[in-house]
Amino acid sequence: MDKFEADDQLAKWQQAFVQATPKVDSEALIAQTQKSRTKLKLKGLIDSFLGVVVTVFCIYAMLLEAKNTYETIMFALLVPIPLGFGIWSYRLRRKLWRAETLDVNAMLNFKENQLKHQIHYWHVSFIGCVVLWCALLIVALFNMVMFKIYSLWLIQLGVNGIIVLAVYVRYKKLKAQLAVALESIQAMR
Amino acid sequence: MKADVQINTLLNEYAPLLARVAATYEINQALQDELIQEMSLAVWRAFESNDSSPDVAFRGDASIKTYIARIAHNKAVDHVIKEQNRKEVASSESIDYTQALSTHKSPDDNLDLMAALRKLTLKYRQVLALQLEGFNQSEIAQTLGLSEGAVAKRSSRARQQLASLME
């Protein structure tokens with residue numbers, strides 16, 4: 001096939017391609033997009049507002065409600081967490097949105113890294129949960145032995161044990177799916 | 001407000017492009033509409049996050065059309081990944097993302113082209129769809145993050161496969 005025939009073929013295909021454009025109601029699409037955008041912005045504002053409210057509450061509790069140094073320190077440690085989490089999740093969202101504007105290959109690299117980081121995140125979360133549960137176990141045993149309080153601490157151990165188990169199951173599931181997920185991304189290159 | 005009007009104008013102008021990209025990745029109408037919606041939102045976010053107006057933001061960079069095509073294809077690939085993760089059973093209506101080629105014919109030439117395009121593997125489909133949109137090799141390379149040589153190779157293979165499907 002010479003170049004002229006090939007170009008002629010491409011021109012015919014281009015014409016057919018344009019004619020095959022699915023019907024799209026632009027006005028409705030724009031209206032729906034505006035709605036989604038407003039919803040997202042509102043959600044972001046509510047998240048930020050709640051973060052600020054919790055932070056302010058922690059500061060209030062630290063200054064006015066804490067009965068001793070231990071409680072003051074505990075509330076002080078809690079203060080930066082809601083705001084910090086809010087800032088972290090906002091930056092993560094912006095990173096994800098920026099990835100949408102990369103070239104397709106770079107976006108696929110980003111997705112691959114995201115999957116690997118996700119496994120790492122859940123692995124670290126699982127270890128963290130196990131450490132915290134062990135600390136809770138020590139505190140629970142102390143209270144059970146010293147003060148004979150059983151049911152409260154057993155419930156605490158049970159509920160938090162379920163959380164540890166859930167995190168473990170999530171981590172194992174994602175790990176098992178990782179190879180297939182990476183393969184499917186690789187197949188798109 | 002001015003930025004909003006500009007984004008509205010862009011979406012109005014490029015809605016058909018978004019629809020065509022969605023149609024090359026997804027046959028299910030409802031999922032197609034959802035995908036077009038996601039593409040529009042991504043385009044809006046991308047332009048809104050630029051401090052300057054869209055045409056200034058693209059000075060020295062890809063054209064607006066290339067930028068929008070890039071976003072559209074990224075959202076479409078994201079859609080494919082999500083659908084594969086959902087492990088939906090491929091019905092007769094859904095896209096088979098594997099390499100199966102079909103010689104199914106239809107009296108309507110336009111349907112033949114779209115249906116045939118969907119039969120191509122993703123990497124060939126992307127290159128050819130962009131070529132059919134009127135992008136040149138350099139623009140396709142920029143959109144997909146490939147070398148121009150790789151684009152030329154894929155384009156050649158894609159056209160051969162499409163031609164045999166359309167016979």
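All values derive from a computational prediction rather than experimental measurement. Convention: sequence-line order gives letters A, B, ...; per-chain numbering from 1.
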Would you mind reporting whether [Y] and [X] have side-chain heavy atoms less than 4.5 Å apart?
X	Y	result
A/Gln19	B/Leu113	no
B/Lys123	A/Arg189	no
B/Gln84	A/Met188	yes
B/Gln126	A/Val104	yes
B/Arg45	A/Arg37	no
B/Asp78	A/Glu100	no

Would you mind telling me which of [options] has the largest number of heavy-atom pairs within less than 4.5 Å of chain B?
options	result
A/Asp25, A/Leu29, A/Asn109	A/Leu29
A/Val180, A/Ile185, A/Leu102, A/Val24	A/Leu102
A/Arg94, A/Lys41, A/Lys23	A/Lys41

Side chain / backbone / both / neither for A/Ala99 at chain B, heavy atoms under 4.5 Å: backbone

Chain A contact via B/Gln29 - side chain, backbone, both or neither, heavy atoms under 4.5 Å: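 B/Gln29 has no heavy atom closer than 4.5 Å to chain A.
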
At a 4.5 Å cut-off on heavy atoms, which part of B/Ile68 comes close to chain A: side chain, backbone, both, or neither? neither

Where is the tightest heavy-atom contact between [X] and [Y], given as atom of each residue plus distance?
X	Y	value
A/Thr33	B/Gln37	OG1-OE1, 3.2 Å
A/Pro22	B/Ala19	CG-O, 3.7 Å
A/Trp13	B/Arg159	CH2-O, 3.5 Å
B/Tyr67	A/Thr101	OH-CG2, 3.2 Å

Look at [options] and state which one has the largest set of heavy-atom pairs under 4.5 Å with chain A.
options	answer
B/Ile81, B/Ile36, B/Leu128	B/Ile81
B/Leu41, B/Leu11, B/Leu117	B/Leu41
B/Val43, B/Leu132, B/Leu162	B/Leu132
B/Thr143, B/Leu146, B/Asn74, B/Leu17	B/Asn74

Say whether [X] and [Y] are linked into one hydrophobic cluster, either directly or through other cluster members, by side-chain heavy-atom distances under 4.5 angstrom.
X	Y	answer
A/Phe142	A/Ile149	yes
A/Ile162	A/Leu157	no
A/Ile163	A/Val169	no
A/Leu78	A/Ile73	no
A/Tyr90	A/Leu92	no

Give a yes or no on whether [X] atom [atom1] has more than 12 heavy-atom contacts from other residues, nucleotides or ligands under 6.0 Å away.
X	atom1	result
A/Phe57	CZ	no
A/Tyr168	OH	no
A/Tyr150	OH	yes

Roughly how far, to the nearest 0.5 Å, is CD1 of B/Ile71 from CH2 of A/Trp97?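 A/Trp97 CH2 to B/Ile71 CD1: 13.5 Å, rounded to 0.5 Å.
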
Rounded distance [0.5 Å steps], CG in A/Asn105 versus OG in B/Ser147: 10.0 Å

Kindly say whether B/Gln131 contributes a backbone atom to a donor-acceptor pair with the side chain of A/Gln14 at under 3.5 angstrom?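 Yes, because the side chain of A/Gln14 sits within donor-acceptor range (under 3.5 Å) of the backbone of B/Gln131.
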
